[in-house]
*Asks:* 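My questions will all concern the structure given below.
Remember, it's a predicted structure, so these values are computed and weren't measured experimentally. For this chain, numbers begin at 1 and follow the sequence in order.
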Amino acid sequence: MSDTITIIGLVQSLFGILIFLTKRPKHLSFIFLSIWMAVIAIYLGASLLPFQVVDYFKPGIFPIMFLIGPLLYLYVSSLTIEDFRLKPIQLLHLLPFLLIVIHRATVQVVPISSTPDLVENPDYLFNKIYYSLLIVSVFGYWFFGLKLLIKHRKKIPLYFSNYTSKNTLSWLIFVLSLFLFLFITSFFVFFISNVLELGLIRYSTLSVNLTIFTFIMVYFGINQTAIYEMRPTGPKNENGGAYTDSSEPKYASSALTDEQLEEIAEIILKYLKESKPYLNNEYNLQMMARDLALSKHTLSQVINRGQKKNFYRFINGFRVEEVKEKLTDPAFEHYSILGIAHECGFNSKTSFNRIFKEETGLTPTQYIKNMPRR
């Protein structure tokens, strides 16, 4: 039964590698997921071999477990950090893995699954040290990954006009919670049994947990796309390149003057009133920047300082006005209030009701009752 579960996990991880390497459009997050799946495939595949890997490759398979935390953290980073790029300093995440490999290559090693009794097996002492460090590593990366997610969710109103499963990453919070439960539980059970030698459980549940976790990551990872665009692809500057915070010629200063604020505010308001891009429920700051050939930084300054609102409140204010306009339009009299809200760019009844009351002081139902009869 154990081997069957391991084989299922191996097949899932290989399938995940294929899916994420071929997923389009390409994004760095898919690369991290592919490598993560490869690490799991190697570990599960090695556990099915009829011999101990350390008999033929001295460091063994165990060191790759030190890649699980860093890869999950980098995956979260690639989704939650705008314009995330790999930098040389991030190679330090590989340091624990490399140090364990080098150390195991230079000392007498024994399989992790061998007896932990130091009297019978004195060389198992190093395995106890490795496992203790692994628990610290996994818990540390889980903690910092969760911090990134929380920080990202606080920034959503600055960049997006709606809360969606794609930009809130609610599923990833669930995955991180499951990660903590499955892996930390598995590691602690093994730690108590093999490091502290308390003899509670004499078998590892890690292969089962990896199989469960792989299925969940493949299931959710397939549906998750990039949250932030890596490069603007819209209007070009005078050099033929896309406008960025550093290439925008007219409003490049970090602090806009009052005259510039007023000028750009007029451009934004005219654009929103004439084009009505907010009718798209996925509308975001990047789309506005692309349409107006202005940087996100400049637009944020104008909206935050000039309108005294964040992007989320600013755009949804226009949507509320659009709802009020359509409520008096005979062409929409057969629509329900929620149907009109969806036509105007709202994506949920809860958010529509809340925002409408914040903007008008009335619930949608109360507003309709107070409308003059047609």
Side-chain angles (χ1 to χ4, degrees), residues 152-171 173 220 223-229 232-235 264-294 296 299-300 302-374:
H152 161 73
R153 287 167 70 93
K154 289 180 179 179
K155 294 194 302 180
I156 288 176
L158 302 178
Y159 293 92
F160 302 96
S161 63
N162 272 320
Y163 285 82
T164 66
S165 58
K166 172 187 170 182
N167 63 37
T168 59
L169 294 173
S170 298
W171 71 270
I173 292 179
F220 286 108
N223 297 313
Q224 180 63 51
T225 55
I227 297 177
Y228 300 106
E229 294 182 24
T233 56
I264 302 173
E266 290 178 1
I267 293 173
I268 294 174
L269 293 174
K270 181 181 179 182
Y271 154 74
L272 290 173
K273 290 175 181 177
E274 293 181 356
S275 301
K276 298 187 177 182
Y278 49 81
L279 298 181
N280 175 5
N281 62 15
E282 295 186 351
Y283 188 63
N284 58 46
L285 187 65
Q286 178 64 55
M287 293 178 181
M288 179 183 283
R290 184 173 58 225
D291 290 347
L292 296 179
L294 295 168
K296 296 190 295 293
L299 292 173
S300 292
V302 174
I303 294 171
N304 296 340
R305 288 175 52 196
Q307 304 298 318
K308 308 300 182 184
K309 296 180 179 179
N310 56 41
F311 182 79
Y312 177 83
R313 289 290 304 275
F314 180 59
I315 294 302
N316 281 303
F318 277 86
R319 287 174 175 158
V320 167
E321 293 302 314
E322 190 72 19
V323 168
K324 290 160 65 177
E325 183 178 322
K326 282 182 168 51
L327 284 172
T328 61
D329 187 344
F332 289 88
E333 62 182 10
H334 64 288
Y335 278 67
S336 67
I337 181 64
L338 186 58
I340 292 177
H342 285 152
E343 287 290 316
C344 296
F346 290 100
N347 68 343
S348 75
K349 180 180 179 179
T350 302
S351 62
F352 166 62
N353 287 336
R354 176 175 52 80
I355 294 168
F356 192 92
K357 187 169 184 179
E358 288 175 354
E359 292 291 325
T360 66
L362 300 171
T363 66
T365 303
Q366 291 170 337
Y367 181 85
I368 292 174
K369 288 181 178 179
N370 290 335
M371 286 175 55
R373 304 236 177 227
R374 291 188 289 223

*Asks:* Shortest non-hydrogen contact from N304 to K309?
*Replies:*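 For N304 and K309, the tightest heavy-atom pair comes out as OD1-O, 3.0 Å.
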*Asks:* Atom CE in M287, atom CZ in F160: separation rounded to 0.5 Å?
*Replies:* 9.5 Å
*Asks:* At what distance, to the nearest 0.5 angstrom, does CG of N316 lie from CD of E359?
*Replies:*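 N316 atom CG to E359 atom CD measures 8.0 Å (nearest 0.5 Å).
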*Asks:* Sub-3.5 Å donor-acceptor pair from the side chain of S275 to the main-chain atoms of P277, do we have one?
*Replies:* no
*Asks:* Identify whether the distance between the nearest side-chain nitrogen and carboxylate oxygen of E266 and K270 falls below 4.0 Å.
*Replies:* no
*Asks:* Is there a side-chain contact between F352 and R319, using heavy atoms and a 4.5 Å cut-off?
*Replies:*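 Sidechains of R319 and F352: no contact.
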*Asks:* Where is the tightest heavy-atom contact between E322 and K276, given as atom of each residue plus distance?
*Replies:*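 Heavy atoms of E322 and K276 come nearest at OE2-NZ, 3.3 Å.
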*Asks:* Any non-hydrogen side-chain atom of K273 less than 4.5 Å from a side-chain atom of F318?
*Replies:* yes
*Asks:* Do you know which two heavy atoms are closest between K296 and A289, and how far apart they sit?
*Replies:*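 It is CG-CB, 3.9 Å.
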*Asks:* Over all heavy atoms of both residues, which pair between L285 and L158 is shortest? Give the atoms and the distance, please.
*Replies:* CD2-O, 3.7 Å
*Asks:* In terms of the angle between their ring planes, are Y228 and H152 parallel, tilted or perpendicular, with boundaries placed at 30° and 60°?
*Replies:* perpendicular
*Asks:* Quick one: are Y283 and M288 in side-chain contact, heavy atoms under 4.5 Å?
*Replies:*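 Yes, at least one pair of side-chain atoms sits under 4.5 Å.
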*Asks:* For A265 and Q307, which heavy atoms make the closest approach, and how far apart are they?
*Replies:*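 So the minimum-distance heavy-atom pair works out to CB-NE2, 4.0 Å.
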*Asks:* Any side-chain heavy atom of V320 sitting closer than 4.5 Å to one from E358?
*Replies:* no
*Asks:* Are the side chain of N162 and the backbone N or O of T164 linked by a donor-acceptor pair below 3.5 Å?
*Replies:*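 No.
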*Asks:* Would you compute the distance between atom NZ of K155 and atom CZ of F311 and round it to the nearest 0.5 angstrom?
*Replies:*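 Answer for the NZ-CZ pair, K155 versus F311, is 15.0 Å.
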*Asks:* Mind checking the CD1-CG spacing from I268 to L294? Nearest 0.5 Å is all I need.
*Replies:*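 So the CD1 of I268 and the CG of L294 are separated by 7.0 Å.
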*Asks:* Using a distance-only test with no angle check, is there a side-chain donor-acceptor pair under 3.5 angstrom linking S170 and T168?
*Replies:* yes
*Asks:* Do L272 and F314 make a side-chain contact, defined as non-hydrogen atoms from C-beta onward lying under 4.5 Å apart?
*Replies:*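 Heavy-atom side-chain distance check passes, below 4.5 Å.
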*Asks:* Do N284 and N167 come close enough that some side-chain heavy atom pair is under 4.5 Å?
*Replies:*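 With C-beta onward as the side chain, the pair stays apart.
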*Asks:* Below 4.5 Å, heavy atoms only, C-beta onward: do Y312 and S351 meet side chain to side chain?
*Replies:* yes
*Asks:* Which pairs of donor and acceptor atoms, one on a side chain in residues 335-346, lie under 3.5 Å apart (sequence neighbours left out)?
*Replies:*
residue : atom : partner : partner atom : Å
S336    : OG   : G339    : N            : 3.0

